[in-house]
Structures are given as structure tokens and as C-alpha cells.
Amino acid sequence: TKKLNVRSSMSHTKNQGFETHYDYMDVLVLHLSSQPKTWRVWNETCHTNPTESTKAKPSEVCLAGPSRLVVLKKGDLLYIRRG
């Protein structure tokens with residue numbers, strides 16, 4: 001059987017919601033606010049298949065690779081694969 005995790009979070013438009021981190025699961029972000037929010041998403045990291053026990057933060061070397069800025073507006077959906 002597969003496990004499904006559902007989490008919700010909220011952050012002010014001008015504040016960072018989370019520290020830079022790895023996700024051990026695929027993530028879908030649904031933006032509900034009428035105010036845009038910018039996300040920085042790295043294309044590749046040093047952990048391509050992290051598990052639930054992967055707690056390390058990405059190192060400077062891992063974050064040196066390419067990233068992209070994604071601006072979410074109300075109703076936008078962003079898919080981020082694990083890692």
C-alpha cells in the first residue's frame with residue numbers, strides 16, 4: 001500500500017514559509033491567496049531519493065546548481081518532485 005500525506009501551511013506574502021529543505025515525498029502546492037507568492041525551486045539536489053529519515057539541510061554545494069523562481073497566483077498548482 002502507498003502512504004498519502006496531506007499537510008497545510010500558511011505564510012504571509014512577504015515572509016518565507018519554510019527554510020530551504022528536502023522533501024521525502026512529491027509535493028503539490030495549491031495557492032489559495034489572492035496575493036502572489038514566489039517560490040525558489042532547485043532543479044537538482046544532492047539527494048535525489050530522500051527518505052522520511054533524511055533530515056539534513058541542503059549544503060551550499062547542493063544549492064549552487066540551477067534554480068528557478070516560480071510565482072504562484074490564486075488557483076495556481078505547483079508540482080515539486082521529491083528531493
Side-chain angles (χ1 to χ4, degrees):
T1 62
K2 299 241 179 189
K3 184 177 178 180
L4 173 67
N5 292 312
V6 178
R7 295 187 178 139
S8 64
S9 63
M10 185 173 82
S11 65
H12 190 276
T13 303
K14 297 181 184 189
N15 294 342
Q16 180 174 333
F18 294 99
E19 293 181 87
T20 303
H21 64 279
Y22 299 113
D23 282 307
Y24 63 89
M25 64 199 124
D26 292 343
V27 174
L28 289 172
V29 177
L30 175 60
H31 189 74
L32 300 175
S33 172
S34 59
Q35 297 297 316
K37 183 82 173 184
T38 302
W39 287 66
R40 180 179 296 270
V41 179
W42 277 262
N43 297 326
E44 295 182 25
T45 64
C46 293
H47 286 288
T48 55
N49 291 307
T51 64
E52 193 168 355
S53 63
T54 305
K55 302 293 183 191
K57 293 181 184 178
S59 69
E60 296 287 326
V61 172
C62 293
L63 297 177
S67 66
R68 57 192 162 115
L69 293 178
V70 179
V71 179
L72 297 181
K73 295 175 277 202
K74 186 174 185 174
D76 286 348
L77 184 68
L78 173 64
Y79 168 73
I80 305 171
R81 68 183 169 149
R82 70 187 243 190

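Model, not experiment: these values are computed from the prediction. Atoms considered below: every heavy atom in the structure, side chains included; atoms not considered: hydrogens, waters and symmetry mates.
Taking both residues in full, the closest heavy atoms of Y24 and R7 are given as OH-NH2, 3.4 Å, listed atom of the first, atom of the second, then distance. Nearest heavy atoms, P36 versus V71: CB-CG1, 3.9 Å.
No donor-acceptor distance shorter than 3.5 angstrom exists from the side chain of D26 to the backbone of R81, with no hydrogens or angles considered.
In this structure, NZ on K37 lies 13.0 Å from CG on L32, to the nearest 0.5 angstrom. Distance check: R68 CZ to R40 CZ gives 12.0 Å after rounding to the nearest 0.5 Å. In this structure, L28 CG and L78 CG are separated by 8.5 Å, a value rounded to the nearest 0.5 Å. Q35 contributes atom CD, which lies 13.5 Å from atom CG of L72 (distance to the nearest 0.5 angstrom).
W42 has its side chain out of reach of I80: every pair of non-hydrogen atoms, C-beta onward, lies at least 4.5 Å apart.
Side-chain heavy atoms closer than 4.5 Å link hydrophobic residues (I, L, V, M, F, W, Y) into clusters, and following such links, possibly through other members, connects Y79 to L77.
Within 6.0 Å of the CZ atom in F18, the count of heavy atoms belonging to other residues, nucleotides or ligands does not exceed 12.
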